[in-house]
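A quick note: this is a predicted structure, and the numbers were derived from the prediction, not measured.
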Amino acid sequence: MSLYLCIFNGKDEIDGVEVGSYSDFRFFRDSVLHKLENGVIGSRFPVLMLHSDCEGTWSVREAGLLLEELKEIVKSFKTMPAEKYHSEWQQKLAKSQGLRPDNLYECFIDVDGEILIERLLELCQLSIQVKEPILFQ
């Protein structure tokens, strides 16, 4: 199963991010936990880390808070060395697109090969702009 984060306006989908599998999202969050929160879940990034990883919503208010958390994660991850992609599909996609991460920030990609954190930032900004929540599907 894969995780899809999206925003709807009524019945119309405005935008969405296909993250990959739930384990891919868990790996991203585990990296935040171990590298930035010293193993204390939610100590620095509660909106990202304390939310269920497979269901529910981030409200518009939470999207604003998440936006700020992600900006801090970006700053830190850009200073950390790159690691191997977590999933086999990520490794294959990166090879086919010629992706070579320079830092940890670039090591998390969505199913289209775009930097996951960047796509999440965009989704948060859109949520705030259109005043609609981010849905987990």
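- The shortest side-chain heavy-atom distance between C107 and P101 falls under the 4.5 Å cut-off.
- Side-chain contact between Y4 and F136 is absent, with no heavy atoms from C-beta onward closer than 4.5 Å.
- Annotation: side chain of L5 is in contact with side chain of I134 (closest heavy-atom distance under 4.5 Å).
- F45 CZ to R29 CZ: the interatomic distance, rounded to the nearest 0.5 Å, is 13.0 Å.
- Between the OG atom of S31 and the CE atom of M80 there is a distance of 9.5 Å, given to the nearest 0.5 Å.
- Both V19 and L126 sit in one connected hydrophobic cluster of ILVMFWY residues. Membership requires side-chain heavy atoms under 4.5 Å apart, directly or through other members.
- Of the possible donor and acceptor atoms, none in the side chain of E37 sits under 3.5 Å from a partner among the backbone N and O of M49.
- Ring-plane geometry between H51 and W58 is classed as tilted, the angle between the planes lying from 30 to 60 degrees on a 0 to 90 degree scale.
- Hydrophobic clustering of Ile, Leu, Val, Met, Phe, Trp and Tyr side chains at less than 4.5 Å, counting indirect connections, keeps L48 apart from L135.
- At least one donor-acceptor pair under 3.5 Å links the side chain of N103 to the backbone N or O of Y105.
- A donor-acceptor pair under 3.5 Å is absent between the side-chain atoms of R119 and the main chain of E114, judged by distance alone.
- Formation of a donor-acceptor pair under 3.5 Å by the D110 side chain with backbone atoms of G113 is found in this model.
- Ring geometry for F28 against F77 counts as perpendicular: the plane angle is over 60°, on a 0 to 90° scale with 30° as the lower cut.
- F27 and V111 are assigned to two separate hydrophobic clusters, defined by single-linkage of ILVMFWY side chains at heavy-atom distances under 4.5 Å.
- Applying the side-chain contact (heavy atoms from CB on, under 4.5 Å) test to K95 and every residue at least two apart in sequence or in another chain returns nothing.
- V40 and V47 are not part of a single hydrophobic cluster, where members link through side-chain heavy atoms under 4.5 Å apart.
- The backbone N or O of L123 lies less than 3.5 Å from no partner atom in the side chain of S127, so there is not a single donor-acceptor pair.
- Taking CD1 from I117 and CD1 from I109, the interatomic distance works out to 12.0 Å, rounded to the nearest 0.5 Å.
- The line from CG of L121 to CD1 of I73 is 9.0 Å long, rounded to the nearest 0.5 Å.
- Across all their heavy atoms, D112 and L93 have their closest contact at C-CD2, 3.9 Å.
- Judged as a side chain to side chain donor-acceptor pair (under 3.5 Å), the pairs with a partner in residues 72-87 (not counting sequence neighbours) are, in order, D24-S87, K35-E83, E72-K75.
- Without hydrogens or angle criteria, E13 side chain to I7 main chain gives no donor-acceptor distance under 3.5 Å.
- If you run side chain to side chain contact (heavy atoms under 4.5 Å, CB included) between E118 and each of I115, L116, L120, only I115 comes through.
- Side-chain N or O atoms of E106 include one that pairs as donor or acceptor with a backbone N or O of D102 at under 3.5 Å.
- Rounding to the nearest 0.5 Å places CD of Q129 at 8.5 Å from CD1 of I14.
- A 4.5 Å side-chain heavy-atom check between L3 and V17 finds every atom pair outside the cut-off.
- One finds the CD atom of Q125 at 10.0 Å from the CG atom of L70 (value rounded to the nearest 0.5 Å).
- Under the 4.5 Å side-chain heavy-atom criterion for ILVMFWY residues, a single connected hydrophobic cluster contains both L66 and L36.
- Looking at heavy atoms from C-beta onward, P133 lies out of side-chain contact with E62 at the 4.5 angstrom threshold.
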